[in-house]
*Asks:* 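I'd like to ask some things about the structure below.
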Number of protein chains: 2
Amino acid sequence: MTDHSCTTPTNAQPVLCETELVAVLVCISHNTPHILTLEHGRSFPSGPLMVEHRSLQKGMRTWVEHQTGLKLGHTEQLYTFADPRHGHGHQMVRISYMAFIRQNSEHTLAAHSIYDYFPWEDRRDPDSTPLLHTIANRLRLWTSGNAQRWQRCATVFGLDGHSWNDELSLQRYELLWEAGLVAESHWQNVPLLPGLSMAHDYRRILATALSRMRAKIRYTPAVFDLLPVQFTLLQLQQAMESLAGRFMHKQNFRRLVQQQKLVSQTAEYDSPVQGRPAQLYQFAPEMAEHCYLAGAKLPLPAIS
Amino acid sequence: MTDHSCTTPTNAQPVLCETELVAVLVCISHNTPHILTLEHGRSFPSGPLMVEHRSLQKGMRTWVEHQTGLKLGHTEQLYTFADPRHGHGHQMVRISYMAFIRQNSEHTLAAHSIYDYFPWEDRRDPDSTPLLHTIANRLRLWTSGNAQRWQRCATVFGLDGHSWNDELSLQRYELLWEAGLVAESHWQNVPLLPGLSMAHDYRRILATALSRMRAKIRYTPAVFDLLPVQFTLLQLQQAMESLAGRFMHKQNFRRLVQQQKLVSQTAEYDSPVQGRPAQLYQFAPEMAEHCYLAGAKLPLPAIS
DNA sequence: CTATATATGCTCTTAATGAGTATATATAGC
DNA sequence: GCTATATATACTCATTAAGAGCATATATAG
């Protein structure tokens, strides 16, 4: 074969695509990560790619900021996928982004808790443990016999002595999808798991976003884009906890944060209804080019 | 604003895009990671998206395997980007993938060492240390005065007592790009750094791939898709070293691998020219759903 | 029996992590 | 002042992982 045959692999025509930019906008409210949605929680804000956009990321930023009036913090590309069921002669390509929005921003879009879509991912919620028992049982039925497949379930869902890894939320959703336990793939006559579903592949995108944000907040200062400019250390901890979906050890968390000098004190204090007012801090970007905010976990109830 | 205004952000027409799938094909030869290239190392194999492709990933896989005869191992999507300089009335969108190819595979494409493109990334090479001194000096000139910018350089390049983080190769390339030190952005009359350049944004894609593979081999068994089915532990170590661009501590590396039971012995042995023949091992996928292969590093020479 | 590799065993230090106990501090309301 | 309610700290301790070094087997070619 020649060099050039590789750039034109078949004799078919190149396809023109409709291209859509999809935005997963994340904010924290009521101690839980939320996403801004349309169509009663079934869809994300999205818009077509324009010629005038210099780059994809900037294109997304500008139209979201223009349309919603929101200022976007930490932004990253998630995944690009094609919709095969689109028909119409040409393909539909969706490029998805995740962006953080500072707490207390005003917006007109509806917000849903991420854990409304993935109730098993919030290990702070006592109800998640019985739910994970249910999931374990359903998966055991599904894998029946296939040891390797069960092995996969066990490591991904933290069964059989494996530990729970909060960053595996995408793999968990994919397994449930394969097992036909979620609405998007419900081909079996088994009872559905609780959890809202979405249009297209959007719930998969959301699972990707959850994985990605859990990984990101660990080793970058991205959480600070979700918090108000001034915050208490408890707020910071609870933001981390809400994203990770698990509780953390207070003293150890503070040790971590303060050793790295990630935050600096302000002169101001919180005004609580009752109790000692907490000191307000702010992010100290000088030292935080690389930061590490994990490693202060509390034990999780074992599953199965 | 209404719900729906968000899905049609401006009154302009949706743009139809040419969509291209770009493949970064990685293999190891001569103890160094290589990529398969076209156009004398300036371009990656790529092909247009076809209507008949069920998913993007499968589309990429099938045409690469069909055209090159190569079997692809671990595959992941890297990044999607638009080419603004494309003109022609419509946009050009490129979706890039990275795929691993097993050592000793036959192929007809030209292979270049990844470190031909990023000589500063191979800390095994004694020449990399003086090169990083040069880079540090150039960056110091560029940042002159701007303390925050220098701080960024220092953490990313492991200067001023910061440690070298091999996963930051993308950030390093981006900094050099911003500083006008690479061919793709050479707007200053400063001498260029050594290193091959590529067409379009391709060298940036390659830096992304390098970052991504360095991160991936750490906590997944992806390296095994680069090695022959049977390999010696030294080969495994050297594969890790070649990707990470740094040497590892032999005893500690073996401790790590064997504690996790990632590999199983075979009855066969290597046939060396001289010396004791090394035992051949193979990947043991049962236990390796989650694995950890870092943490056996040797000290690096300090920079600056 | 020597040169050349590979392959192991064992020890030691340091640092990070998870976890627990106890106590100090600041407010509101009575 | 006392109490309830929070927040904020100070220490300590055990366990484990990670980095590093020293010494010694073992198997082949020539």
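Each chain gets a letter, A, B and so on, in the order its sequence line appears, and its residues count up from 1.
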*Asks:* Let me know which of A:Asp160, A:Leu175, A:Ile135 forms a side chain to side chain contact (heavy atoms under 4.5 Å, CB included) with A:Cys153.
*Replies:* A:Leu175
*Asks:* Using side-chain heavy atoms (C-beta onward) and a distance below 4.5 Å, is B:Leu181 in contact with B:Leu139?
*Replies:* yes
*Asks:* Would you kindly give the NE2-to-C1' distance between A:His249 and C:dT17, to the nearest whole Å?
*Replies:* 11 Å
*Asks:* Kindly indicate whether the side chain of A:Phe253, heavy atoms from C-beta on, has any atom under 4.5 Å from the side chain of A:Leu236.
*Replies:* yes
*Asks:* Nearest whole Å is fine: how far is C:dA15 P from A:Gln260 CD?
*Replies:* 16 Å
*Asks:* If the cut-off is 4.0 Å, is A:Tyr292 near the phosphate of C:dT17, judged by side-chain N/O to OP1 or OP2?
*Replies:* yes
*Asks:* Keeping B:Ser211 on the side-chain end and B:Glu167 on the backbone end, is there a donor-acceptor pair under 3.5 Å?
*Replies:* yes
*Asks:* Protein-nucleotides 6-9 of chain C N/O pairs closer than 3.5 Å?
*Replies:*
{"unit_1": "C:dT6", "atom_1": "O2", "unit_2": "B:Arg276", "atom_2": "NH1", "d": "3.3"}
{"unit_1": "C:dA7", "atom_1": "OP1", "unit_2": "B:Gln279", "atom_2": "N", "d": "2.8"}
{"unit_1": "C:dA7", "atom_1": "OP2", "unit_2": "B:Arg254", "atom_2": "NH2", "d": "3.0"}
{"unit_1": "C:dA7", "atom_1": "O5'", "unit_2": "B:Arg254", "atom_2": "NH2", "d": "3.4"}
{"unit_1": "C:dA7", "atom_1": "O4'", "unit_2": "B:Arg276", "atom_2": "NH1", "d": "3.4"}
{"unit_1": "C:dG9", "atom_1": "O6", "unit_2": "B:Gln251", "atom_2": "NE2", "d": "3.2"}

*Asks:* Mind pulling the stems DNA chain C is in, i.e. runs of at least three Watson-Crick or G-U pairs, everything under 3.5 Å?
*Replies:* C:1-4 with D:27-30, C:6-24 with D:7-25, C:26-30 with D:1-5
*Asks:* For B:Gln235, which residues count as a side-chain hydrogen bond (donor to acceptor under 3.5 Å, both in side chains) partner, sequence neighbours excluded?
*Replies:* none
*Asks:* In chain order, what residues pass the side chain to side chain contact (heavy atoms under 4.5 Å, CB included) check against A:Pro130, with sequence neighbours excluded?
*Replies:* none
*Asks:* Please check this pair: side chain of A:Gln237 against backbone of A:Met248, looking for a donor-acceptor N/O pair closer than 3.5 Å.
*Replies:* yes
*Asks:* Within 45° of the six-membered ring axis of A:Tyr79 and under 6.0 Å from that ring's centre, is NZ or CZ of A:Arg204 located there?
*Replies:* yes
*Asks:* Can you see whether A:Trp164 has A:Arg172 sitting over its ring - NZ or CZ less than 6.0 Å from the centre and within 45° of the normal?
*Replies:* yes
*Asks:* At a heavy-atom distance below 4.0 Å, which nucleotide of DNA chain D is the first touched by chain A, and which is the last?
*Replies:* D:dT5 to D:dA10
*Asks:* According to ring pair (Phe, Tyr, Trp, His ring centres under 6.0 Å), does anything in residues 217-251 of chain B pair up with another residue at least two apart or in another chain? List the pairs.
*Replies:* B:Phe224-B:Phe231, B:Phe224-B:Phe283
*Asks:* Can you check the A:Arg218 CZ to C:dT17 P distance for me, whole Å?
*Replies:* 11 Å
